[in-house]
There are 2 protein chains.
Amino acid sequence: MVSVTSLFAPVESDLQVLVENLKNLVGAKHPILYAAAEHLFGAGGKRIRPAIVLLLARAVSTGTDILPQHRRLAEITEMIHTASLVHDDVVDESDVRRGVPTVHSSFGNRVAVLAGDFLFAQSSWYLANLDNLTVVKLLSEVIMDLAEGEIQQGLNRFDTDLTLEAYLDKSYYKTASLIANSAKSVGVLSGLPNHQLDNLYAYGRSLGLAFQIVDDILDFTGSSEVLGKPAGSDLKSGNLTAPVLFALQEKPYLRGLIEREFAEASDFEQALDLIHQSEGIAKSRELANQQVQQAIACLEDLPASESQKALVELGNYVLRRVY
Amino acid sequence: MVSVTSLFAPVESDLQVLVENLKNLVGAKHPILYAAAEHLFGAGGKRIRPAIVLLLARAVSTGTDILPQHRRLAEITEMIHTASLVHDDVVDESDVRRGVPTVHSSFGNRVAVLAGDFLFAQSSWYLANLDNLTVVKLLSEVIMDLAEGEIQQGLNRFDTDLTLEAYLDKSYYKTASLIANSAKSVGVLSGLPNHQLDNLYAYGRSLGLAFQIVDDILDFTGSSEVLGKPAGSDLKSGNLTAPVLFALQEKPYLRGLIEREFAEASDFEQALDLIHQSEGIAKSRELANQQVQQAIACLEDLPASESQKALVELGNYVLRRVY
């Protein structure tokens, strides 16, 4: 299976510069944040969000180099994403993310809250200094969506009446909004016409939703080693994702187990079994597949290029993780 | 002694609308944040920052009503301030602020981090939708300064080599930047020429520094009842403010007590005594007085009005708290 980083070959050197910039940005001035910065932007992160921005920027900039503002937008995207992860880990009291201890568990709540605030603040400032009010609006919408998504996730814990629609809304807020709005911003910075902006947004939205659905499937099908956390972690914490919502339609007994928050000894294992026996995972795969096909269709209008090809492949790569 | 709220008479009805708007904004959509919103924007807050914005807006809008954008700016100012307080309380692990339990102690870190993020996010979004790139830049600078100030305060704990200049820088970041940049933004929204914008900024900067110095004096001279926290709290946590820095110039013995972080039983009481015996408090008063006089001088160019008078009085009010 092709690795995701090999898909990023057309923007590999841009991504390396970006990582160094981000480390220096957070770490250089403040020793207290230096270790956190190394931790946040060191090896391990896939940098999917800035890679998408840079690939899209190359794909729409035929015959010319990408704009400095595109590179800055890619940095902002990764800063916003990282800030939200750091605060989510405080809120969710997560000790491990992708097998690596979180900032809050390594450095305490104090540094985690500060590091997240500093990154949000830096991203707002860089954003303002892109000198493009439309992009400021698009990305400030994202920051609001991220807070909204985290709040909704908290409110809906163990709520078996959660609809698939509400799940997709939350997934948009938590994951797809950033990708959709930064994709659209690439086009805004290049001065593209509205119908192309809509296409970029739709690509990011569908790809982002597919990412989230696939992550949610992997929570059930991945090994704890690959996930870097125990399988079924989302379910255990009451975060009901696509496989669970589909399984609930088939397996009425599952509802009770979730509603009593796995109070009895074998409740959680029983719930996992019921989900695996159901069509929940297959139906979730089909949902992710639909989103990927929609995403790829949005790329048809882009001129053929190595970057355009990588963006199509990225969609297929996402799907292959669960097929 | 005249109360600060009576100074706000010219904008009293505006302030009441503002408080209701803020409560609804945070609370209406999210039950989880409703209690926190009541707590944050309920009785108790003096709303000094939005009052300054509204008074300045009235003072520069002679003969016409203030702009809707001015009201929105006042809300944004209070949202940013409140968000930073909520996160500071998490970072500093404070249980009480102005005699009232903090959000993090009442509702836990989870709600406190979320509520702060939600407020920062909302303020960024409202900011972008003021449709004025200059104001976006000024206020995003503030959000960065607030993070910077909190980080510096953390780095400088128990550092007896801290200079008065570094203390004033930190006070600018933590307190004056918001007032200065929102004061300037009032003028930007009204389309005032640059020299008037500079004056508004200088007024806010000096008034903000005076606020901070006076607060830092009150930490030593106020009763715990008035402060809503034990006297000397800042010193105890290693936050070295103007009275301490001046006292250190006279009382070499104080240095050792601070450097060993009050490790011995009577160290902290001895330190408080040394500060009270020194000229530290008197010199800090003089520093605050200079800032207030500079602030008031910046108001001379404004046309005479009830609001202009209230802004001058606000400076005098700040000083009277420690004279």
Side-chain angles (χ1 to χ4, degrees), chain A residues 26 29-33 36 80 83-84 86-93 104 108-157 173, chain B residues 26 29-33 36 80 83-84 86-93 104 108-157 173:
Chain A
V26 182
K29 217 171 155 190
H30 294 299
I32 198 179
L33 296 184
I80 293 175
S84 84
V86 173
H87 280 185
D88 283 359
D89 287 336
V90 176
V91 169
D92 299 338
E93 298 178 346
H104 104 98
N109 273 342
R110 184 185 148 68
V111 172
V113 173
L114 277 180
D117 282 352
F118 184 81
L119 283 170
F120 272 130
Q122 283 272 5
S123 60
S124 293
W125 192 83
Y126 276 170
L127 198 53
N129 286 279
L130 278 180
D131 276 319
N132 187 309
L133 204 47
T134 308
V135 175
V136 172
K137 286 187 193 179
L138 291 173
L139 274 289
S140 71
E141 185 89 35
V142 170
I143 296 175
M144 216 157 77
D145 288 346
L146 288 167
E148 179 74 30
E150 186 67 19
I151 291 169
Q152 286 197 7
Q153 185 164 308
L155 289 176
N156 295 327
R157 251 168 242 279
Y173 289 136
Chain B
V26 182
K29 214 170 156 194
H30 295 298
I32 197 178
L33 295 182
I80 292 176
S84 83
V86 173
H87 279 186
D88 284 0
D89 288 337
V90 176
V91 169
D92 299 339
E93 298 179 345
H104 103 99
N109 273 340
R110 185 185 149 70
V111 172
V113 173
L114 277 180
D117 282 352
F118 184 82
L119 283 169
F120 273 129
Q122 282 272 4
S123 60
S124 293
W125 192 82
Y126 275 169
L127 198 52
N129 287 281
L130 277 179
D131 276 320
N132 187 310
L133 204 47
T134 308
V135 175
V136 172
K137 285 187 193 182
L138 291 173
L139 275 286
S140 70
E141 187 89 34
V142 170
I143 295 175
M144 216 155 77
D145 288 346
L146 289 167
E148 180 74 31
E150 186 67 19
I151 291 170
Q152 285 196 8
Q153 185 164 308
L155 289 176
N156 296 327
R157 252 167 242 280
Y173 290 135

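Every chain is numbered from 1 and lettered A, B, ... according to where its sequence line falls, protein lines coming before strand lines. Quick caveat: nothing in here was measured; it's all calculated off a predicted structure.
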A.B. asks: Chain A: which of B:Asn132, B:Asn129, B:Leu146 shares the most heavy-atom pairs with it under 4.5 Å?
C.D. replies: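 Of the candidates given, the most pairs with chain A belong to B:Asn129.
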A.B. asks: For B:Val136, is it the side chain, the backbone, both, or neither that has a heavy atom closer than 4.5 Å to a heavy atom of chain A?
C.D. replies: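 The answer is both parts of B:Val136.
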A.B. asks: Mind checking the CD-OG spacing from B:Gln122 to A:Ser140? Nearest 0.5 Å is all I need.
C.D. replies: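 Separation between the atoms: 10.0 Å.
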A.B. asks: Considering all heavy atoms of both residues, which atom of A:Ala128 and which atom of B:Leu133 are nearest to each other, and what is their separation?
C.D. replies: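 Closest heavy-atom pair between A:Ala128 and B:Leu133: O-CD1, 4.0 Å.
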A.B. asks: What distance do A:Leu130 atom CG and B:Lys137 atom NZ have between them, rounded to the nearest 0.5 Å?
C.D. replies: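 One gets 9.5 Å once the value is rounded to the nearest 0.5 Å.
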A.B. asks: I need the single residue from A:Asp117, A:Ile143, A:Val113, A:Asp88 that forms a side-chain contact (heavy atoms from CB on, under 4.5 Å) with B:Asp117. Which is it?
C.D. replies: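 In the set A:Asp117, A:Ile143, A:Val113, A:Asp88, the residue that makes a side-chain contact (heavy atoms from CB on, under 4.5 Å) with B:Asp117 is A:Asp117.
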A.B. asks: Specify which of A:Asp131, A:Leu127, A:Asp145, A:Val142 makes the most heavy-atom pairs with chain B at under 4.5 Å.
C.D. replies: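 Of the candidates given, the most pairs with chain B belong to A:Asp131.
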